[in-house]
Each structure stands twice: as structure tokens, then as C-alpha cells.
Amino acid sequence: MEIRQIKYFLAVVDSGSVSRAAGRLFVAQSALSKQISDLETDLDVQLLHRSRSGVFPTESGKVFYEYGKAILKQMSDAREAVHFPTDAIFGNVVVGLPQSTSGALALPLINAAQARLPNISLHINEELTGNLLEQLWQGRVDLAVFTSNVQLQGFSFRPIAQEDFYLISQAGKNPGGAGDMSLTDALAGPLMLSGLQHSHCIRSIIEEAVMREGLHMPALRAEINSVHILKSAVEAGSGNTIMPLALVQQEVLQGRLRARRISPAQVSRTLGICMSNNIPATNAKRAVADLIAQLVNSMCEDGSWPSLRIDDLLATGT
């Protein structure tokens with residue numbers, strides 16, 4: 001297997017056509033086809049379906065495509081690293097953010113990186129946590145913000161903050177009065193949550209808290225795997241949901257939704273920065289990780305990320 005073959009294969013998949021890929025690569029179509037054929041022979045698997053309308057990857061081809069992108073990224077990182085001083089901070093860094101944190105963190109991180117790390121090209125991927133784990137493992141993502149309940153074998157996890165959960169209800173409704181509420185009361189009304197297949201960041205934390213408190217999960221009014229649709233359903237009066245306040249901050253300020261904190265002693269989550277133990281951590285990756293930690297601390301102090309706190313982490317010396 002040659003690097004050239006990987007590049008050619010990625011170009012064909014991205015173009016959806018051998019002829020278009022050949023034009024992009026400035027190589028003869030016959031030479032490109034031969035390189036792809038040699039790659040398939042070497043791997044002993046068919047990577048592409050070929051038809052009159054174009055080409056598209058087989059299931060094996062889809063898997064190889066993801067690994068191919070990771071291989072080329074790591075080669076690019078290695079090539080840059082050997083041409084600069086060992087203490088230089090430069091290069092490309094891909095940060096993975098799950099949907100439950102991207103709304104609060106993405107834009108401040110972009111602005112802070114431009115101001116403080118001008119020699120770093122920052123790329124942000126918003127993905128489901130399960131997808132980010134795979135991308136992190138493959139090396140396509142350099143670091144990600146996860147919660148501590150995610151299975152992270154082979155990864156380091158650096159805790160940076162605690163985040164509380166809130167019961168989100170329709171504006172005008174006042175479930176249980178004012179102040180913090182118990183998890184028992186939060187479960188009492190009609191509830192809508194994400195599906196189990198997308199449970200890493202929010203639902204599994206809620207279910208673990210329910211089990212820990214000796215309670216039982218109620219029958220859900222609906223399972224919705226979209227924060228936007230979930231908020232709209234709550235606003236329409238279809239039921240309540242449970243999530244961090246940052247996800248509904250605008251709607252609450254506009255009076256469209258109501259939020260009431262659930263006792264932090266019963267349910268909260270630990271946010272942290274995750275990196276692979278098997279891929280070298282460059283100066284650029286470490287600098288971005290430090291920047292995220294500093295930024296989260298600042299947002300916690302000035303209240304721009306509501307429901308966030310670091311007091312428990314500081315108290316335990318984490």
C-alpha cells in the first residue's frame with residue numbers, strides 16, 4: 001500500500017467519479033484506475049462500486065476512507081513537526097464537540113484561538129459522541145470535550161468543569177414551585193429525552209442518577225434525537241425535558257421556556273478534555289487543550305456558560 005494510492009482513493013470518493021478525480025489530481029484516468037485496482041488487490045477487498053453514473057464506496061470502502069483520512073492527517077502533522085523547533089506552537093488542530101457543548105463553547109473557542117494562538121489553524125467538528133469517539137480513535141480528531149461517563153479506554157481525560165441539569169418546561173408552567181427541585185419531582189411530569197442510541201452525554205447520566213437514587217425511569221412521552229426539535233416540542237407543551245441550561249439559555253431569556261435546576265447532589269455531569277494515548281500530543285494540541293480549560297474557567301466565572309461550575313473539581317483537587 002502506498003500513500004499515493006490512499007490519496008487517489010480519497011479523491012475518487014470525494015469526487016464521485018474517476019474522471020473528475022483524475023482531473024483534480026492531474027493524472028491520467030487509466031493510471032488512476034490502475035492505482036485503485038492495485039490498492040484493492042493489496043487489501044484483498046473491493047473498495048468501490050463502479051457504475052455508469054459514477055463510483056461510490058462499498059461498506060469496506062467507507063471504513064477505509066475514514067482510516068485513509070486519518071493516515072494522511074497524521075502524516076501531515078509529522079511532516080510539519082520535523083521542520084519546526086520542538087517548542088513551536090503551530091499547525092492544524094481538530095476539536096470535536098458534542099452537540100450538548102458546541103452551542104456554548106464553539107464560537108468563544110474560535111475567537112480565543114484566533115486571538116491567542118494565531119499560528120494554529122483550528123477545525124471544529126460537531127458530532128454525536130459515538131461518532132467523535134471513533135474519529136478520536138482513528139486520529140481524525142485531535143481532542144474532544146466529553147463527559148466522564150463515556151467509556152474512554154485508551155484515552156486520557158482531563159476534567160475541566162461540572163455542569164448541572166435543569167428541568168425544562170413550557171413557559172408559564174411552574175413545576176413544583178421555585179428553587180432547586182428534586183430528581184423525583186423532575187421525573188413526575190411528562191418527559192421527553194434523547195433515544196438510547198444517542199445517550200452518552202445526557203440521557204445515560206440521567207438514567208444513572210435515577211438508578212443511584214433508587215428511583216425508576218418513567219415511560220417517556222417521546223424520544224427525540226435533536227436538541228432543536230426537543231426544545232420546540234417542550235415549547236409547544238408536548239412535555240418536559242432535562243438538559244444543561246446552556247442548551248436553552250436563549251429560549252429561557254426570551255421567556256419561551258422555563259428552567260428549574262435539579263439538585264446538583266442528585267444529577268450533574270463532569271466535562272473534560274479527551275485525547276488519545278496512542279497518538280503523539282503536539283504542542284499545538286496541548287495549547288488548544290489548555291486554551292479550552294482556561295476558556296471554560298473564564299466562562300464559569302463570568303456566567304456566560306450558565307449551569308457550569310468548577311468548585312467541586314477544585315475541592316477534590318482534580
Side-chain angles (χ1 to χ4, degrees), residues 97-105 108 129 145-150 152 157-171 173-194 199-218 220 227 230-231 234 239-253 257-274 292-318:
L97 297 177
Q99 193 177 33
S100 63
T101 64
S102 60
L105 184 58
T129 300
V145 175
F146 284 149
T147 51
S148 58
N149 66 309
V150 177
L152 296 173
F157 183 80
R158 173 184 175 184
I160 53 175
Q162 296 285 122
E163 188 167 27
D164 300 330
F165 280 55
Y166 285 66
L167 179 72
I168 311 302
S169 57
Q170 187 182 35
K173 292 188 176 180
N174 188 19
D180 288 355
M181 67 189 309
S182 69
L183 183 57
T184 301
D185 289 340
L187 299 174
L191 199 61
M192 302 179 294
L193 297 172
S194 61
S199 67
H200 295 86
C201 289
I202 295 179
R203 179 163 172 179
S204 64
I205 294 174
I206 297 168
E207 294 205 351
E208 288 169 8
V210 169
M211 183 178 299
R212 187 172 59 249
E213 295 294 319
L215 304 174
H216 297 283
M217 281 294 297
L220 296 179
V227 171
L230 188 54
K231 292 191 293 186
V234 174
N240 304 327
T241 193
I242 297 174
M243 60 176 59
L245 183 58
L247 288 173
V248 293
Q249 183 180 16
Q250 289 300 112
E251 291 84 355
V252 170
L253 291 175
L257 293 174
R258 175 178 169 81
R260 188 172 172 207
R261 190 172 74 162
I262 303 170
S263 170
Q266 290 187 292
V267 57
S268 66
R269 67 178 183 174
T270 300
L271 296 176
I273 301 167
C274 188
I292 291 173
Q294 295 163 11
L295 187 59
V296 166
N297 184 71
S298 297
M299 295 174 74
C300 179
E301 291 180 347
D302 65 22
S304 57
W305 189 335
S307 73
L308 207 64
R309 52 192 169 84
I310 58 173
D311 51 340
D312 287 356
L313 293 179
L314 292 175
T316 57
T318 305

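Numbering starts at 1 and runs along the sequence shown. Quantities reported herein were computed from a predicted structural model and do not represent experimental measurements.
Taken to the nearest 0.5 Å, the OH atom of Tyr166 stands 13.5 Å off from the CD1 atom of Ile242. Note that OG1 of Thr184 is 4.5 Å distant from CG of Leu215, once rounded to the nearest 0.5 Å. A distance of 6.5 Å separates CD1 of Ile292 from CG of Leu97, quoted to the nearest 0.5 Å.
Minimum interatomic distance between Val296 and Trp305 (heavy atoms only, all atoms of both residues): CG2-CZ3, 4.0 Å. In terms of heavy-atom proximity, Glu213 sits nearest to Ala265 at OE2-O, 4.4 Å. Contact record, Ala293 with Ile273: N-CD1, 4.0 Å, taken as the closest heavy-atom pair. Heavy-atom minimum distance, Leu187 versus Pro218: O-CG, 3.6 Å. Shortest non-hydrogen contact noted between Ile168 and Leu257 is CG2-CD1, 3.9 Å. Between Cys300 and Ile310, the closest heavy-atom pair is SG-N, 3.7 Å.
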- Message: Let's go through Thr270 and Thr147 carefully: what are the C-alpha distance in whole Å and the side-chain angles of both, what is the deciding distance for side-chain contact (heavy atoms from CB on, under 4.5 Å) to 0.1 Å, and is it a yes or a no?
- Response: CA-CA 5 Å; Thr270 300; Thr147 51; over 6 Å; no

- Task: Under the side-chain contact (heavy atoms from CB on, under 4.5 Å) rule, what do Val267 and Ile205 come out as? Steps first, then yes or no, please.
- Result: CA-CA 7 Å; Val267 57; Ile205 294 174; 4.1 Å; yes

- Task: Please step through side-chain contact (heavy atoms from CB on, under 4.5 Å) for the pair Asp185 and Leu167, ending with a clear verdict.
- Result: CA-CA 9 Å; Asp185 289 340; Leu167 179 72; over 6 Å; no

- Would Gln266 and Ser182 satisfy side-chain contact (heavy atoms from CB on, under 4.5 Å), going step by step from the backbone distance to the final call? CA-CA 8 Å; Gln266 290 187 292; Ser182 69; 3.8 Å; yes

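Side-chain atoms of Thr241 come within 3.5 Å of backbone atoms of Met192 as a donor-acceptor pair (strictly under, hydrogens ignored). Without hydrogens or angle criteria, Arg261 side chain to Met181 main chain gives no donor-acceptor distance under 3.5 Å.
Contact annotation: the side chain of Leu230 approaches that of Met243 to within less than 4.5 Å [non-hydrogen atoms, C-beta and beyond]. Between Leu308 and Leu271, some side-chain heavy-atom pair lies under the 4.5 Å cut-off. Using a 4.5 Å heavy-atom threshold, the side chains of Val227 and Ser100 count as separate. Residues Leu183 and Phe165 fail the side-chain proximity criterion, which asks for heavy atoms closer than 4.5 Å. Residues Arg309 and Pro264 are in side-chain contact: their nearest non-hydrogen atoms beyond the backbone lie under 4.5 Å apart.
A salt bridge is defined here as a Lys NZ or Arg NE, NH1 or NH2 lying under 4.0 Å from an Asp or Glu carboxylate O, and Glu207 with Arg203 meets this definition.
With Ser307 as reference, Glu163 is the one residue of Arg269, Glu163, Gln162 to meet the side-chain hydrogen bond (donor to acceptor under 3.5 Å, both in side chains) rule.
For Met217, the CE atom is densely surrounded, since the number of other residues' heavy atoms within 6.0 Å is greater than 12.
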